[in-house]
Amino acid sequence: MKNKGTLITTIIFFLIVNSAYYWEGILGFFAIPVFMILVVIYLGLAIALARQVYFAVKEKFKNKYRLLQIGLLTSVLTLTFVKPNGIINFNIFEGNNILIAEREGAANCMTTLMLKDDYTFKEKKVCFGITEIKGNFRIQNDTIYFDNVNLSRHGNEYYKFAIIKSSKYENSKIIEEFIRYKDLQDKTGNQLWITKNELDKIKSIKPTYK
């Protein structure tokens, strides 16, 4: 029964790790504790693997069920170590990033905004947790407007529009500045640093979303 529990735990652990793309942004602040729990489970499975190998050696590798467990544990632990974000890159099912803007704040908090060639955007913030905001964008003259924003539980409002300005920083990685505004009365804005800008590739194409 104990061995069966280890087998079930291994499978559930593998499924959770490889579906993180779908749940890490929903958990927000609770994502970090969940990741810590997964680390503890990973270490526990590593200890379980060592025990199974020990008993397998004593049994001269005659227990087929134990060998199955060893094979499964070894595969899951190795894949998780090599690809901690999962064996499937779910980002390939989204549009291509045509603009990436980011900024690191206090306590190593990182905000990354990605505009995609299908006129969707995703903002990912890693700061004592992981939050994601998704929506659409459109380009009108030199202004980028945000529409259909899915805030989930991460706030009551998002920026209405953004503009791009030349960078005043002497940094080869910063191409331009991406400044977002809450509304027309917002004179300060929120600044991100553009590290990739291929908006010219889609400026002649009208968005298809409503």
Exercise for review: Start with the C-alpha gap between D147 and N136, add the side-chain angles, then the distance that decides, and say whether side chain to side chain donor-acceptor pair (under 3.5 Å) holds.
Suggested key: CA-CA 5 Å; D147 301 317; N136 297 106; over 6 Å; no
Point to revise | From CG (L115) to CD1 (I194), nearest 0.5 Å | key: 8.5 Å
Review point. Can you find a pair of side-chain heavy atoms, one from N190 and one from I179, that are under 4.5 Å apart?
Key: no
Review point. Taking the side chain from D117 and the backbone from N96, do they hold a donor-acceptor pair closer than 3.5 Å?
Key: yes
Point to revise | Polar side chain donor-acceptor pair, N150 to K134, under 3.5 angstrom | key: no
Practice item. Taking atom types as modelled, find out whether T143 and N141 have a side-chain donor-acceptor pair closer than 3.5 angstrom. Key: no
Check your understanding: Do Y42 and V76 have side chains that get closer than 4.5 Å, going by heavy atoms?
Key -> no
Point to revise | same_hphob_cluster(I47, V40) at 4.5 Å side-chain heavy-atom cutoff | key: no
Point to revise | Closest non-hydrogen atom pair between R103 and M110, with its separation | key: O-SD, 3.4 Å
Review point. Between atom OG1 of T80 and atom CD1 of I16, what is the distance when rounded to the nearest 0.5 Å?
Key: 11.0 Å
Exercise for review: May I ask you to decide if R66's main-chain N or O and N63's side chain share a donor-acceptor pair within less than 3.5 Å?
Suggested key: yes
**Study point:** Salt-bridge contact E176-K165 (side-chain N to carboxylate O under 4.0 Å)
**Key:** no
Review point. If you round to the nearest 0.5 Å, how far is CH2 of W193 from CD1 of I175?
Key: 14.0 Å
**Study point:** Exercise: identify the closest heavy-atom pair between T6 and T10
**Key:** O-OG1, 2.7 Å
**Study point:** Shared hydrophobic cluster, V149 / L113 (ILVMFWY, side-chain heavy atoms < 4.5 Å)
**Key:** yes
Check your understanding: Going by the angle between their ring planes, with limits at 30° and 60°, are F121 and F146 parallel, tilted or perpendicular?
Key -> perpendicular
Point to revise | Rounded distance (nearest 0.5 Å) linking atom CD1 of I144 with atom CG of L199 | key: 5.0 Å
Review point. Is there a path of hydrophobic side-chain contacts, each under 4.5 Å between heavy atoms of I, L, V, M, F, W or Y residues, that connects L79 with I8?
Key: yes
Practice item. Run the numbers on Y181 and I163 for side chain to side chain contact (heavy atoms under 4.5 Å, CB included), then give the verdict. Key: CA-CA 8 Å; Y181 297 90; I163 60 173; 3.8 Å; yes
Point to revise | NZ/K83: more than 12 non-hydrogen atoms of other groups inside 6.0 Å | key: no
Review point. Taking a hydrophobic cluster as the set of Ile, Leu, Val, Met, Phe, Trp and Tyr residues connected by side-chain heavy atoms closer than 4.5 Å, whether directly or through intermediates, do L73 and F55 fall within one such cluster?
Key: no
Check your understanding: Can you name the side chain to side chain contact (heavy atoms under 4.5 Å, CB included) partners of F61, sequence neighbours left out?
Key -> A56, V57, L67
Check your understanding: Say you draw a straight line from CD of E102 to CE of M114; how long is it, rounded to the nearest 0.5 Å?
Key -> 9.5 Å
Point to revise | Validation row: L77, L49 side chains within 4.5 angstrom (heavy atoms) | key: yes
Review point. Are L184 and F161 side-chain neighbours, meaning at least one heavy-atom pair lies under 4.5 Å?
Key: yes
Check your understanding: Would you say K160 has more than 12 foreign heavy atoms packed within less than 6.0 Å of its NZ?
Key -> no
**Study point:** Y158 and E123, any side-chain heavy atoms less than 4.5 Å apart
**Key:** yes
Review point. Under a 4.5 Å cut-off applied to non-hydrogen side-chain atoms, are F178 and L99 in contact?
Key: yes
Review point. Atom CD1 in I98, atom NZ in K116: separation rounded to 0.5 Å?
Key: 9.5 Å
**Study point:** Within one Ile-Leu-Val-Met-Phe-Trp-Tyr cluster: L45 and F35, side-chain cutoff 4.5 Å
**Key:** yes
Review point. Can you tell if the side chain of V53 reaches within under 4.5 Å of the side chain of I70, non-hydrogen atoms only?
Key: yes
Exercise for review: Would you indicate whether the side-chain heavy atoms of V17 and N85 approach each other to under 4.5 Å?
Suggested key: no
**Study point:** Pair R180-L192, side chain to side chain contact (heavy atoms under 4.5 Å, CB included): steps then yes or no
**Key:** CA-CA 8 Å; R180 301 175 294 176; L192 299 175; 3.7 Å; yes
Point to revise | Shortest non-hydrogen contact from R138 toward Y119 | key: CA-CD2, 4.5 Å
Review point. Applying the side chain to side chain contact (heavy atoms under 4.5 Å, CB included) test to I41, which of I37, L43, V39 qualifies?
Key: I37
Review point. NZ of K125: more than 12 outside heavy atoms within 6.0 angstrom?
Key: no
**Study point:** Shortest non-hydrogen contact from N18 toward G86
**Key:** OD1-CA, 3.2 Å
